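Worksheet for the structure shown next.
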Amino acid sequence: MDPKVWSELPEHLMDNILAWLPLPSFLRVRSVCKKWNSLVQSPSFLQLCAEVPAHAPFFLMYADLFQQRYAAYDPSLNKWHLLPLSCFLSGPSLSQFVVLAAAGGLLCLGGTSGSVPQGRNGYAVDPMTKADRNLYVSNPITKIRRKLPPMLRMQNPYIVGMVIDSAKKSYKILVAQEGEHLKLQVYDSISNSWELTDSLRRRVALVVGTAYMHGILYCLTFGPGIGVSTYHVDAGCWQDLRARMPLCLTCPQLFENRGCLMMVGGIEEFGSIKSIHIWRLDEAEREWVEVLRMPDNLLHELSSGPPGGHFLFVAHGDHICFTYYRAKEMLMCNLYRNSWWWLPRCTLDDYLDARSVLGFSVEPRLDAAV
């Protein structure tokens with residue numbers, strides 16, 4: 001290519017070319033000059049990035065014993081990336097933080113002001129349970145972060161959930177209180193404050209398989225039976241979703257796919273999972289319609305680990321990642337193409353007891369504002 005042509009290229013065209021580069025390529029060319037390196041702080045360039053189709057997601061699946069290294073699977077390259085904690089949060093005292101939630105290119109991290117919290121047998125414990133806990137939101141690509149103000153007083157907060165409002169370029173973080181009745185406080189990035197919201201008089205599994213669509217967070221509810229409740233994020237109120245659930249359902253999780261509410265889960269017989277299905281909610285009939293079933297031979301191979309375990313499903317777009325309790329194998333499905341494949345072996349740690357399963361999908365975006 002003629003260097004003279006490139007040197008005379010208008011600046012706005014060059015910015016458009018850079019915005020459309022694959023993310024790994026852009027991260028490499030940032031080192032060419034100071035101007036390109038500073039583009040991640042340019043509002044006009046970030047607006048161009050916001051208009052570019054999203055990059056392929058990473059599945060952040062594992063962390064090592066002390067939450068210092070993370071393993072993320074890239075479906076576009078069919079390979080694992082081993083990432084140090086410094087990829088997510090730069091600064092001092094990195095060993096104090098763990099990843100708690102992810103949404104829209106942002107990570108929510110929690111930690112304490114002391115050393116790495118240890119539980120029995122040397123395992124790291126949830127920093128949300130510590131009195132001196134801190135929460136941060138970070139864009140792992142730009143390394144920009146925000147420290148959140150202290151939460152309102154709450155007994156045994158047990159989960160952090162996160163939702164993104166792309167139109168408002170804002171996000172909310174939901175923290176629930178442990179107990180029979182769900183009590184919620186919500187952080188709003190626009191007001192930079194926490195607020196207590198309406199409570200729901202039932203136990204809600206916010207930690208597994210929530211789906212966010214059109215300003216509504218869909219949550220699985222337990223007791224009696226399994227159902228779905230909806231939390232209207234802006235209004236701060238709960239409603240029940242009346243829909244007939246599949247019989248003998250176990251390990252269910254919700255996710256959004258192409259504007260539809262989906263659910264993946266197993267059907268249990270005599271204490272073991274006999275089949276795994278993917279359903280779509282028929283809003284008119286208020287029932288779950290099966291759209292795909294895991295082939296029996298893949299299910300048998302995936303569940304050949306220790307008995308009495310459970311499945312974990314992580315979904316993003318058309319991709320669903322399946323793993324089984326303490327299994328080394330992981331299975332991926334492309335829902336749109338109805339294709340299945342085994343993931344390459346993760347090399348984070350071959351000793352399964354020395355790693356924890358995270359189960360987050362991360363959509364890397366330069367324009368994700370903290």
Side-chain angles (χ1 to χ4, degrees), residues 20 22-24 49-61 72-81 102-105 163-164 166 208-220 228 241 243 245-246 249 251-267 273 275-303 311-324 329-344 346 358-365 368:
W20 277 87
L23 192 56
C49 294
E51 298 168 2
V52 173
H55 299 279
F58 284 6
F59 288 81
L60 190 62
M61 297 304 299
Y73 173 72
D74 182 353
S76 64
L77 299 177
N78 190 31
K79 65 179 294 186
W80 289 93
H81 301 281
V163 297
I164 300 291
S166 300
V208 290
T210 58
Y212 181 65
M213 300 188 307
H214 314 304
I216 299 175
L217 187 70
Y218 295 83
C219 309
L220 290 166
V228 177
L241 179 66
M245 302 294 284
L249 180 65
C251 302
Q253 295 197 42
L254 303 174
F255 66 100
E256 182 270 340
N257 177 259
R258 300 175 182 250
C260 296
L261 182 62
M262 311 289 288
M263 180 171 66
V264 56
I267 298 299
I273 296 178
S275 57
I276 290 179
H277 306 255
I278 301 168
W279 297 273
R280 173 180 53 81
L281 178 65
D282 185 328
E283 296 187 14
E285 298 296 330
R286 295 291 179 176
E287 65 180 6
W288 295 93
V289 179
E290 181 178 321
V291 296
L292 198 61
R293 171 174 171 161
M294 180 183 291
D296 290 341
N297 62 314
L298 297 180
L299 173 61
H300 176 74
E301 190 171 350
L302 184 64
S303 60
F311 281 91
L312 172 67
F313 314 106
V314 184
H316 188 107
D318 291 330
H319 291 95
I320 308 175
C321 186
F322 301 81
T323 186
Y324 185 69
E329 294 76 20
M330 300 185 74
L331 183 66
M332 182 69 75
C333 168
N334 185 303
L335 185 59
Y336 182 71
R337 298 177 181 174
N338 188 14
S339 59
W340 304 78
W341 67 95
W342 294 102
L343 273 59
C346 177
L358 300 175
F360 298 122
S361 64
V362 181
E363 181 185 311
R365 295 199 64 91

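Here the structure is a predicted model, which means the values were calculated and not measured.
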Q | Nearest heavy atoms of Leu281 and Ala243, plus distance in Å | A | CD1-CB, 3.8 Å
Q) Would you say Leu343 and Trp80 make side-chain contact, with heavy atoms under 4.5 Å? A) yes
Q) Are any non-hydrogen side-chain atoms of Leu292 and Cys333 less than 4.5 angstrom apart? A) yes
Q. Is there side-chain contact between Phe311 and Met294, with heavy atoms separated by less than 4.5 Å?
A. no
Q | For Ser275 against Leu299, the heavy-atom pair lying closest together | A | CA-CD2, 3.6 Å
**Q.** Trp20 side chain vs Val52 backbone, donor-acceptor pair below 3.5 Å
**A.** no
Q | Heavy-atom closest pair, residues Val314 and Ser361 | A | CG1-N, 4.1 Å
Q.
Could you report the tightest heavy-atom contact between Arg280 and Cys260, atom names first, then the distance?
A. CD-SG, 4.0 Å
Q. For Ile216, which residues count as a side chain to side chain contact (heavy atoms under 4.5 Å, CB included) partner, sequence neighbours excluded?
A. Tyr218, Thr230, His232
Q) Mind checking whether Val362 and His316 have side chains closer than 4.5 Å, heavy atoms only? A) no
Q. Got a second to check how far Trp341's CH2 is from Leu331's CG, nearest 0.5 Å?
A. 9.0 Å
Q.
My understanding is that only residues two or more places apart in sequence, or in another chain, count here; which of them pass side chain to side chain contact (heavy atoms under 4.5 Å, CB included) with Glu329?
A. Ala327, Trp342
Q | Parallel, tilted or perpendicular, as decided by the 30° and 60° cut-offs, for the rings of Tyr73 and Phe59 | A | tilted
Q | Enclosure of Glu283 CD (heavy-atom neighbours >12, cutoff 6.0 Å) | A | no
Q | Atom pair CD1 (Ile320) and CH2 (Trp340), whose distance is rounded to the nearest 0.5 Å | A | 7.0 Å
Q) Less than 4.5 Å apart, any side-chain heavy atom of Trp279 and any of His277? A) yes
Q.
Tell me every residue that passes side chain to side chain contact (heavy atoms under 4.5 Å, CB included) with Tyr212, counting only those two or more places apart in sequence or in another chain.
A. Val163, Leu217, Val233
**Q.** Approximate separation, where rounding is to 0.5 Å, of Asp296 CG and Glu301 CD
**A.** 13.0 Å
Q: Decide yes or no for Met263 and Pro246: does some side-chain heavy atom of the first lie under 4.5 Å from some side-chain heavy atom of the second?
A: yes
(Q) Side chains of Phe322 and Leu298, heavy atoms from C-beta outward: is any pair under 4.5 Å? (A) no
Q.
Tell me if a side-chain donor or acceptor on Glu256 pairs with a main-chain N or O of Met213 at a distance below 3.5 Å.
A. no
Q: State whether the side chain of Asp282 and the backbone N or O of Trp288 hold a donor-acceptor pair below 3.5 Å, judged by distance alone.
A: no
Q. Does any N or O in the side chain of Arg258 come within less than 3.5 Å of the main-chain N or O of Asp318, such that one atom is a donor and the other an acceptor?
A. no
Q: Would you give the length of the straight line joining atom CE of Met61 to atom SG of Cys346, rounded to the nearest 0.5 angstrom?
A: 9.5 Å
Q.
Give me the atom names and distance for the closest heavy-atom approach of Cys251 to Ile273.
A. SG-CD1, 4.2 Å
(Q) To the nearest 0.5 Å, what is the distance between CZ on Arg337 and NE2 on His319? (A) 7.0 Å
(Q) Restricting to non-hydrogen atoms, name the atom on Pro344 and the atom on Lys79 that form the minimum distance, rounded to 0.1 Å. (A) CG-CA, 4.3 Å
Q. Are side-chain heavy atoms of Leu261 and Leu241 found at a separation under 4.5 Å?
A. yes
